[in-house]
Asker: 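Structure incoming, see below.
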Amino acid sequence: MKTLGLDLGDKTLGIAMSDSLGMVAHGIETFTFKTAHYKHALEYLVNFLKKEDISTIVLGMPKNMDNTIGERAHISQRFAKKVEIMTGRNVVLWDERLTTTEANRVLIAGGVRRENRKDHLDQLAATLILQSYLDRQQHDRSFLVKTF
């Protein structure tokens, strides 16, 4: 089964998915909705999940740099709860601090023009969130194997 990564913004939902082994994340798309109309993002996600064999959903948790929870993080928490209720799938909230900054750096380094970056930014941020989660899962499994 695959793992889905999400980056929820005010008007976009970046979507990434793992390979079936759960080792590599790749970007899928960016869904755009009207500002703060999270219901549309939720409906889109529910329909997307009907087509895919996803076991776990990893949603970026935009904590403040001082590790506090602000309004954006509360929105993500509410969205995660609704996704769990509507899909029956586990949603993991994953610290996403600086992923958008890193995604922007990657796009700049890749020579993506400024006017085209927004088209790829949220999808790439979702990919970075998911890859961070997958790497941690691999590390934890590796640690368990070595300790026994």
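Only this structure's heavy atoms are used, side chains among them; waters, hydrogens and symmetry mates stay out.
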Asker: Quick one: salt bridge (charged side-chain N to carboxylate O under 4.0 Å, His left out) partners of R113, sequence neighbours excluded?
Answerer: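 Partners of R113 under the salt bridge (charged side-chain N to carboxylate O under 4.0 Å, His left out) test: E115.
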Asker: Measure the OG-CD distance between S76 and E71 for me, rounded to the nearest 0.5 Å.
Answerer: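 Going from OG on S76 over to CD on E71, the span is 10.0 Å.
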Asker: Is there a donor-acceptor pair under 3.5 Å between the side chain of T12 and the backbone N or O of T32?
Answerer: no
Asker: If you group Ile, Leu, Val, Met, Phe, Trp and Tyr by side-chain heavy-atom gaps below 4.5 Å, do L8 and V58 land in one group?
Answerer: no
Asker: How far apart are the closest heavy atoms of A16 and L4, and which atoms are they?
Answerer: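 Looks like O-CD1, 3.2 Å.
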Asker: With a 4.5 Å heavy-atom cut-off, do L59 and F79 have their side chains touching?
Answerer: yes
Asker: Decide whether I69 and I129 are clustered together by the hydrophobic rule: side chain heavy atoms of Ile, Leu, Val, Met, Phe, Trp, Tyr closer than 4.5 Å, transitively.
Answerer: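 The answer is no; the residues belong to distinct hydrophobic clusters.
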Asker: Going only through I, L, V, M, F, W and Y residues with side-chain contacts under 4.5 Å, is there a path from L6 to I28?
Answerer: yes
Asker: Hey, could you give me the CG/CE distance between D53 and M1, rounded to the nearest 0.5 Å?
Answerer: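 Rounded to the nearest 0.5 Å, the CG-CE separation comes to 4.0 Å.
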Asker: Mind checking salt bridge (charged side-chain N to carboxylate O under 4.0 Å, His left out) for R89 and listing every partner two or more places apart, or none if nothing turns up?
Answerer: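 Partners of R89 under the salt bridge (charged side-chain N to carboxylate O under 4.0 Å, His left out) test: none.
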Asker: Would you say Y133 and L49 are hydrophobically clustered, going by side-chain heavy atoms of ILVMFWY under 4.5 Å?
Answerer: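 In one cluster: no.
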Asker: Shortest non-hydrogen contact from S55 to T3?
Answerer: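 Closest approach of S55 to T3, heavy atoms only: OG-OG1, 4.4 Å.
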Asker: Would you say the side chain of D7 lies within less than 4.5 Å of the side chain of L124, judging by non-hydrogen atoms?
Answerer: no
Asker: Would you check if R97 and N67 make a side-chain contact, meaning some heavy-atom pair closer than 4.5 Å?
Answerer: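 Sidechains of N67 and R97: in contact.
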Asker: Scan residues 40-76 for pairs that pass ring pair (Phe, Tyr, Trp, His ring centres under 6.0 Å), counting only residues two or more places apart or in two chains.
Answerer: F31-Y44, H37-H40
Asker: Out of curiosity, H120 NE2 to T30 OG1, how far, rounded to the nearest 0.5 Å?
Answerer: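 Interatomic distance, H120 NE2 to T30 OG1, rounded to 0.5 Å: 8.5 Å.
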Asker: For D19, give me all partners under side chain to side chain donor-acceptor pair (under 3.5 Å), at least two apart in sequence or on another chain.
Answerer: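 Per chain and number, D19 pairs via side chain to side chain donor-acceptor pair (under 3.5 Å) with no residue.
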Asker: Can a donor-acceptor pair be found between the side chains of N90 and T56 at a distance below 3.5 Å?
Answerer: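 No.
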Asker: Hey, could you give me the CE/CD distance between M23 and Q138, rounded to the nearest 0.5 Å?
Answerer: 4.5 Å
Asker: If every non-hydrogen atom of G9 is compared with every non-hydrogen atom of F33, which pair is closest and at what distance?
Answerer: O-CZ, 3.6 Å
Asker: Locate the shortest heavy-atom distance separating A125 from A103; write the atom from each residue and the value.
Answerer: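 The pair with the smallest heavy-atom distance is N-CB, 3.9 Å.
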Asker: D10: which residues meet the salt bridge (charged side-chain N to carboxylate O under 4.0 Å, His left out) condition with it, sequence neighbours left out?
Answerer: R72
Asker: More than 12 non-hydrogen atoms from neighbouring residues, nucleotides or ligands closer than 6.0 Å to NZ on K82, yes or no?
Answerer: no
Asker: Can you find a pair of side-chain heavy atoms, one from L128 and one from E96, that are under 4.5 Å apart?
Answerer: no
Asker: Heavy atoms, side chains only, cut-off 4.5 Å: are K34 and K11 in contact?
Answerer: no
Asker: Just so I know, are the side chains of R78 and Y38 near enough to count as touching, which here means a heavy-atom distance under 4.5 Å?
Answerer: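 When only atoms from C-beta onward are counted, Y38 and R78 do not touch, as no gap falls below 4.5 Å.
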Asker: Using side-chain heavy atoms (C-beta onward) and a distance below 4.5 Å, is L45 in contact with M86?
Answerer: no
Asker: Looking at every non-hydrogen atom in both residues, tell me the closest pair between L130 and G5 and how far apart they are.
Answerer: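 Minimum heavy-atom separation between L130 and G5: CD2-N, 3.7 Å.
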Asker: If I take atom CG from residue L93 and atom NZ from residue K63, how far apart are they, to the nearest 0.5 angstrom?
Answerer: 9.0 Å
Asker: To the nearest 0.5 Å, what is the distance between CD (Q131) and OG (S18)?
Answerer: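 It is 9.0 Å, given to the nearest 0.5 Å.
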Asker: Which atom names give the shortest non-hydrogen contact between A80 and V91, and what distance separates them?
Answerer: CB-CG1, 3.6 Å
Asker: Between L134 and V24, is any pair of side-chain heavy atoms under 4.5 Å apart?
Answerer: no
Asker: Can you name the salt bridge (charged side-chain N to carboxylate O under 4.0 Å, His left out) partners of E43, sequence neighbours left out?
Answerer: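 E43 satisfies salt bridge (charged side-chain N to carboxylate O under 4.0 Å, His left out) with no residue once adjacent residues are dropped.
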Asker: Do M17 and I57 belong together in a cluster built from hydrophobic side chains that touch within less than 4.5 Å?
Answerer: yes
